[in-house]
Chemist: 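There's a structure below that I have some questions on.
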Amino acid sequence: MLAKHLQSPGSRQVAPASRCSGHAHITLRHISGRRALKVLARDCPKPAFETADTFQEAQALSAKFRNAPRPVEPLKVVIAGAGLAGLSAAKYLADAGHEPIVLEGRDVLGGKVAAWKDKDGDWYETGLHIFFGAYPNMMNLFKELNIEDRLQWKDHSLIFAMPNLPGEFSRFDFPDIPAPWNGVFAILRNNKMLTFSEKIQFALGLLPAIIFGQKYVEEQDSLTVTEWMRKQNVPDRVNEEVFIAMAKALAFIDPDRLSMTVVLTALNRFLQERHGSKMAFLDGAPPERLCGPMVQHFTQRGGVVKMNARVREIVLNEDGSVKHFALTNGEIVEGDLYMSAVPVDILKQLVPAPWRPLPYFSQLKELEGVPVINIHIWFDRKLSTVDNLLFSRSPLLSVYADMSTTCREYADPDKSMLELVFAPAKDWIGRSDEDIMAATMKELERLFPNEIRADGSLAKIRKFHVVKTPLSVYESRAGREAFRPTQRTPISNLYLAGDFTKQKYLASMEGAIFSGKLAAEAIVEDYNMKGRSVAGAGKSSSSSSSPELVAASALLALAAAGAGAVGFGVM
């Protein structure tokens, strides 16, 4: 019945983002015309997170680029990928006096935060993107670009739907007092989800993480969330009531697969930083409101961005270093240094044959993207939602928000637009849009029992978008931490960025921004700080490389000897 209700001749498909399976696939159903946008969202003041140690560390790293010795001659650094990682690397390389050349395979910026406009002028996005106070490098970036006013901060609350009480919510409200006491009060004051005894047992389970710190947190990567909870004698109900929802929100997978390091990392930041768990929505679509200013920043300083410039292969010199990037359109792009900032699944297909035996590259086979589905639904009336992110606690849905209430550009006082994350999506990514929408509407009937019916008899759907990303952020299941590569590679003139690379913020927007920053820092340390000129770019030296990297470079030279320029194309 739902499928019949949604039939429309306006269906279309957006061209694939890449020939590999990690691209986003978008389908549109159009039912009615555009509505005027009006500002409705009620925002809170920007949190004073500048005093946090993490923010000051990120601020110091940003200053390192601005204050670094200027290069004898700017290096041209060719970066594959204009997601947050690639754009971050370009921004900070420009700050250090270099000239980034960013290559984007699609016609839209943002990578995993990409968004598109439909024929009505309405945006639909790759995901529901939330900005936390515990994102220090992201918060510094907004400050450096002078766009802090584009973040719409919400009440300091974590809000969960109640499956057994349709239409009701349970809130963890954080008082405005120092951490960790604000988090302690938020947990103790909530009696809808956990009993006092369960809270105490969970707190006792967390003691090792509190006592032994980051080393303990990293060691828990061998355990799933479920395994860790049972090992620490935490009641199963804590997992069922809280951490199923949290696991899906953090990594799009269930706690019986998710590494406990991910949850402990989040809890560490949320409980140690006063504003760590406070959330903000961007006031519009990320490509325009965040990525655009990043591009403007580095292009004003001599950088370049090329759209529809997909890398076909990495072509090598005889010594195994990068000679140039060959694009699918036949163009050759040369630089002094090179960087990959593409998702791990695309990178694995680009790795040239001579590199594959190296442990650094062979370990990438243990990392793969997780499927994600993002859904947008425009309704013909205003629903009784909350001006914040909501944890659905649904078997199918992860989190959702009424973007017509939370976001300025999407605001509408009379009609709602829900954006929802469908996760885990492994068993649904190949299903039809009609099947996905039918399942979503059944869940929305539970969340809005007085306003939505699965048969469409109450709130009517005006139009919807289903955005499928078969391979999104790397799947941070237990045991993956050991396989994440560093930003320095064994290749003398190649660097790596991406949320899957080694950094403490894991698979998140902050992780992507931080990885790009770390990759740029590696270049600055290797060249600006050591007085190496353009003539020295791409030449390995024992002073700037570990013995392992020097040995790897030697092996590559032997493997490639006599072979000339080689490469491996994406099939």
Side-chain angles (χ1 to χ4, degrees), residues 130 132 134 158 160-161 163 170 172 183 186-187 190 193-195 197-272 276-277 366-372 389 391-399 421-427 472-484 499-500 504-508 510-511:
I130 303 300
F132 286 94
L158 300 178
F160 293 76
S170 178
F172 290 87
I187 294 170
N190 182 300
M193 295 173 68
L194 300 176
T195 66
S197 173
E198 288 166 340
K199 294 172 187 177
I200 294 299
Q201 287 176 279
F202 177 50
L204 291 174
L206 283 175
L207 279 179
I210 297 171
I211 294 171
F212 300 113
Q214 186 62 28
K215 183 177 184 294
Y216 174 86
V217 168
E218 293 174 359
E219 289 172 350
Q220 304 318 297
D221 184 60
S222 62
L223 299 174
T224 68
V225 176
T226 303
E227 289 169 342
W228 183 90
M229 294 282 185
R230 290 173 180 166
K231 182 181 178 182
Q232 298 301 116
N233 297 314
V234 177
D236 286 345
R237 242 180 54 83
V238 175
N239 206 18
E240 295 163 1
E241 291 294 301
V242 177
F243 286 97
I244 290 177
M246 182 172 285
K248 295 199 297 181
L250 287 171
F252 312 117
I253 55 177
D254 284 323
D256 59 354
R257 289 180 63 81
L258 179 64
S259 164
M260 189 60 194
T261 291
V262 176
V263 170
L264 289 175
T265 298
L267 289 175
N268 198 28
R269 298 273 59 85
F270 288 176
L271 294 177
Q272 288 193 23
S277 57
E366 300 294 337
L367 302 174
E368 58 185 8
V370 63
V372 177
L389 180 74
F391 295 83
S392 76
R393 300 180 74 208
S394 154
L396 299 178
L397 303 178
S398 170
V399 291
V421 178
F422 197 102
K426 182 178 179 181
D427 296 331
S472 181
V473 296
Y474 81 95
E475 186 178 26
S476 45
R477 63 185 188 273
R480 297 308 92 191
E481 195 65 20
F483 302 106
R484 297 173 67 200
D499 59 18
F500 65 93
K504 60 186 177 181
Y505 290 98
L506 306 167
S508 65
E510 170 69 9

Chemist: Would you compute the distance between atom OG1 of T265 and atom CE of M260 and round it to the nearest 0.5 angstrom?
Modeler: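 The CE atom of M260 is 9.5 Å from OG1 of T265, to the nearest 0.5 Å.
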
Chemist: So, D221 side chain and A478 main chain: donor-acceptor pair closer than 3.5 Å or not?
Modeler: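 It does not hold such a pair.
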
Chemist: Going from CZ on R480 to CD on E368, what distance comes out if it is rounded to the nearest 0.5 angstrom?
Modeler: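 Taking CZ in R480 and CD in E368, the distance rounds to 8.5 Å.
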
Chemist: Would you name the heavy atoms of Q232 and G205 that are closest together and state the gap between them?
Modeler: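 Distance-wise, the nearest heavy atoms are NE2-O, 3.2 Å.
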
Chemist: Which word best sums up how the rings of F160 and F391 line up, parallel for under 30°, tilted for 30 to 60°, or perpendicular for over 60°?
Modeler: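 Ring orientation, 0 to 90° scale: parallel.
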
Chemist: The test is ring pair (Phe, Tyr, Trp, His ring centres under 6.0 Å); show your working for F483 and Y474 and say whether it passes.
Modeler: CA-CA 11 Å; F483 302 106; Y474 81 95; over 10 Å; no

Chemist: Test side-chain contact (heavy atoms from CB on, under 4.5 Å) on S476 and L506; report intermediate values, then the result.
Modeler: CA-CA 8 Å; S476 45; L506 306 167; 5.9 Å; no

Chemist: Any idea which heavy atoms bring K199 and I187 closest together, and the distance?
Modeler: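 Closest approach of K199 to I187: NZ-O, 3.0 Å.
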
Chemist: Any side-chain heavy atom of L194 within less than 4.5 Å of one from F202?
Modeler: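 Side chain of L194 against side chain of F202, heavy atoms only: no contact under 4.5 Å found.
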
Chemist: Distance only, no hydrogens: is a donor on one side chain within 3.5 Å (strictly under) of an acceptor on the other, for T226 and D256?
Modeler: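 Side chains of T226 and D256: no pair found under 3.5 Å.
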
Chemist: Donor-acceptor pair, T224 side chain versus S259 backbone, under 3.5 Å?
Modeler: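 Looks like no, no N/O pair under 3.5 Å.
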
Chemist: May I ask you to decide if V372's main-chain N or O and S472's side chain share a donor-acceptor pair within less than 3.5 Å?
Modeler: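 Judged by distance alone, no pair lies under 3.5 Å.
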
Chemist: How close do V370 and A251 get, counting heavy atoms only, and between which atoms?
Modeler: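 Nearest heavy atoms, V370 then A251: CG1-O, 4.1 Å.
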
Chemist: Considering non-hydrogen atoms only, spot the tightest contact between V234 and Q201 and give its length.
Modeler: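 V234 and Q201 have their closest heavy atoms at CG2-O, 4.0 Å.
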
Chemist: Show the numbers, then the answer: is there a side-chain contact (heavy atoms from CB on, under 4.5 Å) between R230 and D236?
Modeler: CA-CA 7 Å; R230 290 173 180 166; D236 286 345; 3.4 Å; yes

Chemist: Within this structure, what is the CG-CG distance for the pair L264 and L271, rounded to the nearest 0.5 Å?
Modeler: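 The distance works out to 10.5 Å.
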
Chemist: Before accepting this row, confirm whether a basic side-chain N of the pair R393/E241 lies closer than 4.0 Å to the acidic partner's carboxylate O.
Modeler: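 So R393 pairs with E241 through a salt bridge.
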
Chemist: Considering only heavy atoms from C-beta outward, does the side chain of D499 approach that of E510 to under 4.5 Å?
Modeler: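 A side-chain contact is absent here, since even the closest heavy-atom pair is not under 4.5 Å.
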
Chemist: Identify the residue among N239, D254, I244 that makes a side-chain contact (heavy atoms from CB on, under 4.5 Å) with V225.
Modeler: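 When side-chain contact (heavy atoms from CB on, under 4.5 Å) is applied between V225 and each of N239, D254, I244, only N239 qualifies.
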
Chemist: To the nearest 0.5 Å, what is the distance between CZ on R477 and CD1 on I253?
Modeler: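 Here the rounded value is 8.0 Å.
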
Chemist: Atom NZ of residue position K426 - does it have more than 12 heavy atoms of other residues, nucleotides or ligands inside 6.0 Å?
Modeler: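 No, the 6.0 Å shell around NZ holds no more than 12 heavy atoms from other groups.
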
Chemist: Tell me the closest heavy-atom pair linking A425 and P371, and the distance in Å.
Modeler: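 What the structure gives for the nearest pair is CB-O, 3.6 Å.
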
Chemist: What's the spacing between F500 CZ and E475 CD if we round to 0.5 Å?
Modeler: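 Answer rounded to 0.5 Å: 15.5 Å.
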
Chemist: Would you mind reporting whether N268 and Q214 have side-chain heavy atoms less than 4.5 Å apart?
Modeler: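 A side-chain contact under 4.5 Å exists here.
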
Chemist: For residues V473 and A507, report the shortest heavy-atom separation together with the two atoms involved.
Modeler: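 Closest approach of V473 to A507: CB-CB, 3.8 Å.
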
Chemist: Rounded to the nearest 0.5 Å, what separation is found between the NZ atom of K248 and the CG atom of L258?
Modeler: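 Between atom NZ of K248 and atom CG of L258 there are 12.5 Å.
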
